[in-house]
Amino acid sequence: MSAAPLLLAWLTLASTPAPTPPPVHDVYALDEAAFVAQAQADLALLERHVRGLRGLQEAVKQSRGVYLQKQGVPYTPDQKQLLLSTWAAFFDYFVSVEVIRQRYWDFVKVPAVTQPRKHAWGFLLTHGALTTELAHGLTYAELTLGRKQLEVLLDEPAPEYGLPARAFARFKDKAIHVSTSTQLLTGDGYKEQLRPLLVKAGALDAPRVPWLLQEMKHNSKVAKGLLTRRGATLFAKATVDLTKDTAQRAFFPVQRAVAEWMGDTRVRRVGQPLITREQALALLERMEPGDIMVARQNWYLSNIGLPGFWPHAELFLGTPAQLSAYFDEDPAVKAWVATLPGAPGSFTQHLARSFPAKWAAYSGQDAHGDPLRILESISEGVSFTGLEHGLRVDYLGVMRPRLSRLEKARAIARAFTFQGRPYDFDFDFFSDRTLVCTELVWKAYAPAQDMTGLRIPLVSVAGRRTLPANELVRLFDAEFGREDRQLDFVAFLDGREAEGIAREADAAAFRYSYRRAKWDIAQE
């Protein structure tokens, strides 16, 4: 079969039947160099998501007994937590992979003759994402077949885990749809037809492309095996559905618009977070070194695989001058510093002596010319950042530990030791080699013999002990109003997507915020 009929089959069974508004951001509108750079970045992201999905599959194997539990035996609360957090993590990765798939979907409209590189890269990412979704999605769904109790649990709305109602049922309907399988088969055939073009475009020599081709081959084999084994049962209903729904662009249970909005690149409000610079500057006047922040941007969500509305946490330091004014004259801090090697004259002098390169970096400015005030773990690693990066987001909550200045000084000194370490894409809280955003906060304030610290319990996500940023707000809510509460409310700037602004909200709104759905872009 030639390439043209394969593409025709793809378009016939996989295109949207009705006109839809063009996406605000079209990756194919980029010049070729920028397009290839974006494609390579998305391929690296896809590889990261694949690694996360494989980790989840291993976690499922370890807890297989829970999935195979006899029907009629109620799940314990711990079992429900394991099942929901695992499905939520899968859902998170599936939606994130779907973002990549939809971003490059229109490769079929890019002429292979005149634009071979864009066509080739577009196909690789579209089909690579599809085979990833199918192989891992069908493998997971296989565990639930005939297990009504489990399917009911997974289909219930669970906003705290980022799960809308009937997410699992809709996922299965899409995964086993006739046109979805058609895309898999035509894509596999087209890959072989496209090989000369991949060579011509220089794609086969690019980093990660050999890995992707092997991954496609493996995932396609897994998906075809599952579809073949369950074909008669799975396609009975799906064939009927085909007459009603030939639009398979939105594969997993997420609206096309939502998927277009998400991802590492903002596609509508480029560089325009809901919190204004004026709001951020006003908020700075109310903040103190050691404050803990939670942050969210609607258009790209970090911590894929962890549930919750709040995806990110940060530690506020203030400028070096603010750090000095806050700590250097405090009697308890001065007494502690006097016991340190070399007897530094002040806390800030201790930091400057102990971490000369880090202190020099912290004393500089960001790309906007603003002082560095924040320490956070981002994809580039544990970094000092400024107002535009750390505060100008869409939603921002600020909490203040109810600890002495001495305890906060110890926490900040600890945090300095982590600056420069890589981001922890595996969310391994038991290693200091790499750190995720909440891990930085958790380890900075961890109780010790000489430090009361903050008692922040880890939670199990897919069987792994970790700390989603949402849990910081959950802790704040659970302890609110108690004499022994660990955190006080400072501020909450609540984004309003429809209005294009962020509004100041009170502690009550902040307490509720962690219950919001993770993928609800419109918000409540």
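Everything quoted here is computed from the prediction, not taken from an experiment.
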Looking only at heavy atoms, the pair that brings L124 and L212 closest together is O-CD2, 3.6 Å

Are R277 and L387 side-chain neighbours, meaning at least one heavy-atom pair lies under 4.5 Å?
-> yes

Does this structure show an ion pair linking E58 with K61, if we count only N-O contacts that are shorter than 4.0 Å? yes

Between the CZ atom in F91 and the OG atom in S96, the distance rounded to the nearest 0.5 Å is 9.5 Å

Aromatic rings Y140 and W87: how do their planes relate, parallel, tilted or perpendicular, breaks at 30° and 60°?
parallel

Check: Backbone N or O of L83 within a donor-acceptor pair of the T86 side chain at under 3.5 Å?
Finding: no

Is a side-chain N or O of N470 found less than 3.5 angstrom from the main chain of Y514, in a donor-acceptor match? yes

Between S63 (side chain only) and V66 (backbone N and O only), is there a donor and an acceptor less than 3.5 Å apart? no

Rounded to the nearest 0.5 angstrom, the OG1-CD distance for T131 and E133 is 8.5 Å

Distance col, row H218:NE2 vs K221:NZ, nearest 0.5 angstrom, shows 8.5 Å

Does E156 pair with R166 as a salt bridge, N-O distance under 4.0 Å?
no

Residues R496 and L274: closest non-hydrogen pair is N-CD1, 3.7 Å

So R101 and E98, salt bridge (charged side-chain N to carboxylate O under 4.0 Å, His left out) or not? Walk me through it.
CA-CA 5 Å; R101 177 175 172 266; E98 178 70 355; 3.0 Å; yes

D155 (side chain) donor-acceptor with F168 (main chain) under 3.5 angstrom:
yes

Quick check against the 3.5 Å criterion: does D106 have a side-chain atom that pairs as donor or acceptor with the backbone of K109? no

Contacts of Q81 meeting side-chain hydrogen bond (donor to acceptor under 3.5 Å, both in side chains) (sequence neighbours excluded), chain-then-number -> none

ask   = Does the side chain to side chain contact (heavy atoms under 4.5 Å, CB included) test come out yes or no for L134 and K224, once each step is laid out?
value = CA-CA 9 Å; L134 278 174; K224 286 176 183 175; over 6 Å; no

Closest non-hydrogen atoms of L372 and A361, given as atom of the first, atom of the second and distance, are CD1-O, 3.0 Å

request  = May I ask you to check whether F492 and Y395 place their ring centres under 6.0 Å from each other?
outcome  = no

Checklist line | Pi-cation contact, F35 with K118 (under 6.0 Å, within 45°) | finding: yes

Rounded to the nearest 0.5 angstrom, the CG-CZ distance for L163 and F90 is 13.0 Å

Taking every heavy atom of V294 against every heavy atom of L472, the minimum-distance pair comes out as CG1-CD1, 4.2 Å

Short side-chain to backbone donor-acceptor contact, D370 and D366, under 3.5 Å
no

- Assess whether atom NZ of K358 is packed by more than 12 heavy atoms of other residues, nucleotides or ligands within 6.0 Å. yes

How far apart are the C-alpha atoms of L493 and R503, what are their side-chain angles, what is the distance that settles it, and do they pass the side chain to side chain contact (heavy atoms under 4.5 Å, CB included) test? CA-CA 5 Å; L493 293 176; R503 295 187 181 278; over 6 Å; no

(Q) Within the structure provided, determine whether Y28 and Q115 are in side-chain contact (heavy-atom separation under 4.5 Å). (A) no

One should read off an interatomic distance between E504 CD and I275 CD1, to the nearest 0.5 angstrom, of 9.5 Å

Heavy atoms, side chains only, cut-off 4.5 Å: are R208 and Q40 in contact?
no

- Item | Check: D42 and R103 side chains under 4.5 Å, non-hydrogen atoms | yes

Backbone N/O of L467 and side chain of T438: donor-acceptor pair under 3.5 Å | yes

- Report yes or no: does R421 contribute a side-chain atom to a donor-acceptor pair with the main-chain N or O of G381 at less than 3.5 Å? no

Tightest non-hydrogen contact, residues P311 and A295, listed as CD-O, 3.2 Å

Of all heavy-atom pairs linking A223 and A135, the shortest is CB-N, 4.1 Å

*What's the verdict on side chain to side chain contact (heavy atoms under 4.5 Å, CB included) for R147 and Y67, showing C-alpha distance, side-chain angles and the deciding distance?*
CA-CA 9 Å; R147 303 186 181 282; Y67 290 87; 5.6 Å; no

Open item on the list: I'd like to check I374 versus L391 (side-chain heavy atoms, cut-off strictly below 4.5 Å). Are they in contact?
Closed with: yes

- prompt: Below 4.5 Å, heavy atoms only, C-beta onward: do K80 and L153 meet side chain to side chain?
  reply: yes

Subject >> side chain to side chain contact (heavy atoms under 4.5 Å, CB included) evaluation trace for T132 with H49 >> reply: CA-CA 9 Å; T132 295; H49 294 336; over 6 Å; no

Review point. Would R516 and D494 pass as an ion pair if we require N to O under 4.0 Å?
Key: yes

Interatomic distance, CG@L375 vs CD@E314, rounded to 0.5 Å, equals 10.0 Å

Quick one: are V97 and L46 in side-chain contact, heavy atoms under 4.5 Å?
yes

- [ ] Please confirm whether the backbone N or O of A141 pairs with a side-chain atom of T144, one donor and one acceptor, at under 3.5 Å?
- [x] yes

Item to check | N/O donor-acceptor pair under 3.5 Å between Q214 side chain and W211 backbone | outcome: no

Quiz item: Below 4.5 Å, heavy atoms only, C-beta onward: do H136 and R54 meet side chain to side chain?
Solution: yes

